[in-house]
There are 2 protein chains.
Amino acid sequence: MNLDTITIRDIARELKLSVSTVSKALRDSYEISEKTKKLVSEYAAAHNYRPNPIAQSLKKGQSKSVGIVVSSVDNQFYSQVINGIESVAYKEGYNIFITQTHESFDLELKNVTHLTHRSIDGLLISLSSETKDVEHLQALHKKGLPIVFFDRVTDDINTHKVIVDNFNGAYNATLHLLQSGYKRIAHITSPAQLSITGGRLNGYKQALTDNGIAVDERYIKYCMHGGKDFDEIEQAVNELLAMKERPDAIFTASDRITTSVLSLLHKNNIAIPQQVALLGFTNTLLGEVLNPSLSTVVQPAFEIGKQSMELLLGIIKSKHPVTKFETRVLPTALFERNSSRRS
Amino acid sequence: MNLDTITIRDIARELKLSVSTVSKALRDSYEISEKTKKLVSEYAAAHNYRPNPIAQSLKKGQSKSVGIVVSSVDNQFYSQVINGIESVAYKEGYNIFITQTHESFDLELKNVTHLTHRSIDGLLISLSSETKDVEHLQALHKKGLPIVFFDRVTDDINTHKVIVDNFNGAYNATLHLLQSGYKRIAHITSPAQLSITGGRLNGYKQALTDNGIAVDERYIKYCMHGGKDFDEIEQAVNELLAMKERPDAIFTASDRITTSVLSLLHKNNIAIPQQVALLGFTNTLLGEVLNPSLSTVVQPAFEIGKQSMELLLGIIKSKHPVTKFETRVLPTALFERNSSRRS
DNA sequence: ATGAAAGCGCTAACAC
DNA sequence: GTGTTAGCGCTTTCAT
């Protein structure tokens, strides 16, 4: 739809000037007399002129917009990250476009393609849980599109990244469960190819071995769709509950998985933490008021978004190609509540 | 950024054809021979040609994109609505841009302006809680921008709307509290100017008077920022708790308010429902596992999004200006759980 | 200080 | 069946 009724051409015609003079006057060029500038800007204001950003983008190849790709905004962690991104974007006059992959590689590809073709100046992305191959992003990166990864990153592309200390977050969480007296600690996590999975898994394993407990692979369950499918989480929980040596605690590795496991334990009438304790990564604001109050590993989501956008703007605004990149690792916070109370 | 290295011009040069022939071949025009079409499309595929939608938009004044404006994606209701919108948008080849107002009129204006200037074909919007004047939308509507309102609508613009039956949702909720034995039922709601506020307030009042209970205005609290500010909700709760005739139940009118009130009652060590019962509008998936399990009025959020997008596409695709509009009113569902159990 | 004109990538009248 | 050309709204040399 073309809603901008008045164009630079209209102004030129009315004021008996050329389009270029009007364009320059509007952009406050030194070539134009103050008198003309005043004339033009007043006419423009009076007629509510707005430059057409589509035409500007086409011409300048720059859009003052950045794209965001997350798996789902229906997730406190990502919505908080987005708020952090917005906090710096708006301040700098950038607009953002939010898209969701729903953990699908195809949708990730589609969204990234659409965003880049609508001329974004940069991309902020957390990979879908299906994504194994990042060639689509590699290609864009090589063409010079500024990209910053957060949360779920890839080693295959050298650019800025903002993540949390997944290893220590998981280590401390598992340690807390051990210190609370739990011995058979299960772990339900995302697909192995996700960057976050490895760090959290290793932290969990290390805490066990450091405390003289052997890692039992039967206690480790992967949700291939990153928790998008309630069914796969249910299957994991059911398998754990059916074990002869049933785990006495579950450590969950992502937002959706954590809250879903809580629901499933309720559904199965499992007393928490008496029969099975629960502690997991989640940024829900409701930890305190869940039944029982939920022990959580919380990520500084707003800060992740803020720093990601700052780094992205650094690349966008840089005069020279950026070749030196950094990976920021932020700390997580452990909230010990009743779901992991000493049994 | 211009990332589309290969353009229609490049293809034309390589194949020794004109740009228009290539353009037509790509668009499968009847004027072009099969042989040429094949040649062009194969070359395009081989070189990963993608049309530049910016240029297409500029030319055609059409973008195959729609904009969404909600107060915050950090809200289960809106994120579910968005999923509903996406479900039909993707099927029809449309992309969506999500923006947030954070209940600010200024941000609403800014987002709407940005979206329309980036050439969207239509707008789906739920008003911010600050919005009293809809002139900015009125102007776009008059210029012919297809708009569909959902959730928080306005009477001042005649277009399609998708809402829920707020009156009956609130009536039935209040009735349930009355039937459970509660007598002094407070109501915490959004600002009075929001469309949803009136319906819910009236349903609440009607249920009281139908049951011989006089409406007491001191029991009705408005949160001027729609629950965005935790502080204003806290103040409302504190005022209610400090009353000599303290309410024995609270009926809350929106997602954020409901969960915040639950947190606040916990914080004040109020036994739910023994001291104060709680029931409210919310689309949280965690109702069952809250402490106590939370009685809720749930909206068909996905369906709201789906129908809104269908109606919007109806306007977009219509050959003639649409003048006959409808308002769809969907039912809410009441889930009776422990927070409103008979005391 | 101002204007003419080219061009961003594409589409579509209108030629040939 | 294919090519030429103008133009979407804007910016930007390059003239004047």
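In what follows, chains are A, B, ... by sequence order, proteins preceding strands, each numbered from 1.
- One interatomic measurement links the two molecules: CD1 of B:I32 to C1' of C:dC16, which rounds to 14 Å at whole-angstrom precision.
- A salt bridge does not link A:E130 to A:K132: none of the charged nitrogens lies less than 4.0 Å from a carboxylate oxygen.
- In this model, the phosphate group of C:dG3 is approached by a side-chain N or O of A:S18 to a distance below 4.0 Å at OP1 or OP2.
- For D:dT4, the base has a donor-acceptor partner in the side chain of B:S20 [N/O atoms by modelled type, under 3.5 angstrom].
- DNA chain C is contacted by both A:K37 and A:V19; A:K37 maps to the nucleotide lying nearer its 5′ end (nearest heavy atom per residue).
- Distance B:D10 CG to C:dG7 P: 15 Å, rounded to the nearest Å.
- The separation between A:D28 atom CG and C:dA1 atom P is 13 Å, rounded to whole Å.
- B:R13 places its CZ atom 13 Å from the C1' atom of C:dG9, with the value rounded to the nearest Å.
- Contact of A:K59 with D:dG9 (side chain to base): no donor-acceptor pair of N or O atoms is detected under 3.5 Å.
- In this structure, B:T21 reaches the bases: a heavy-atom distance under 4.0 Å links it to at least one base atom across the strands shown.
- If you run side chain to side chain donor-acceptor pair (under 3.5 Å) between B:E108 and each of B:T101, B:T131, B:T113, only B:T131 comes through.
- Backbone-only contact: B:L17 has heavy atoms under 4.0 Å from sugar-phosphate atoms and none from a base.
- Here the side chain of B:A55 is nearest to one of D:dG3, C:dG9, D:dT11, namely C:dG9.
- Sequence order on DNA chain D of the closest nucleotides to A:Q56 and B:Y30 puts B:Y30 first from the 5' end.
- Side-chain nitrogen and oxygen atoms of B:T7 include none within less than 4.0 Å of the OP1 or OP2 phosphate oxygen of C:dC8.
- Taking atom NZ of B:K16 as the reference point, atom P of D:dT4 lies 13 Å away to the nearest angstrom.
- Between A:E34 and A:K38, no side-chain nitrogen of the basic residue sits less than 4.0 Å from a carboxylate oxygen of the acidic one, so the salt-bridge criterion is not met.
- Taking side-chain N and O atoms only, A:R27 has a distance below 4.0 Å to OP1 or OP2 of D:dT12.
- Ionic pairing of A:D121 and A:K64 is not present here: no N-O contact between side-chain nitrogen and carboxylate oxygen is shorter than 4.0 angstrom.
- B:L58 places its CG atom 14 Å from the P atom of D:dG7, with the value rounded to the nearest Å.
- Between A:T36 and C:dA1 there is no side-chain polar atom (N or O) within less than 4.0 angstrom of OP1 or OP2.
- Looking only at distances, no side-chain donor or acceptor of A:H141 sits under 3.5 Å from a matching main-chain atom of A:L137.
- Distance, B:N52 CG to C:dG7 C1': 14 Å, rounded to whole Å.
- Distance, A:K24 NZ to D:dT12 C1': 7 Å, rounded to whole Å.
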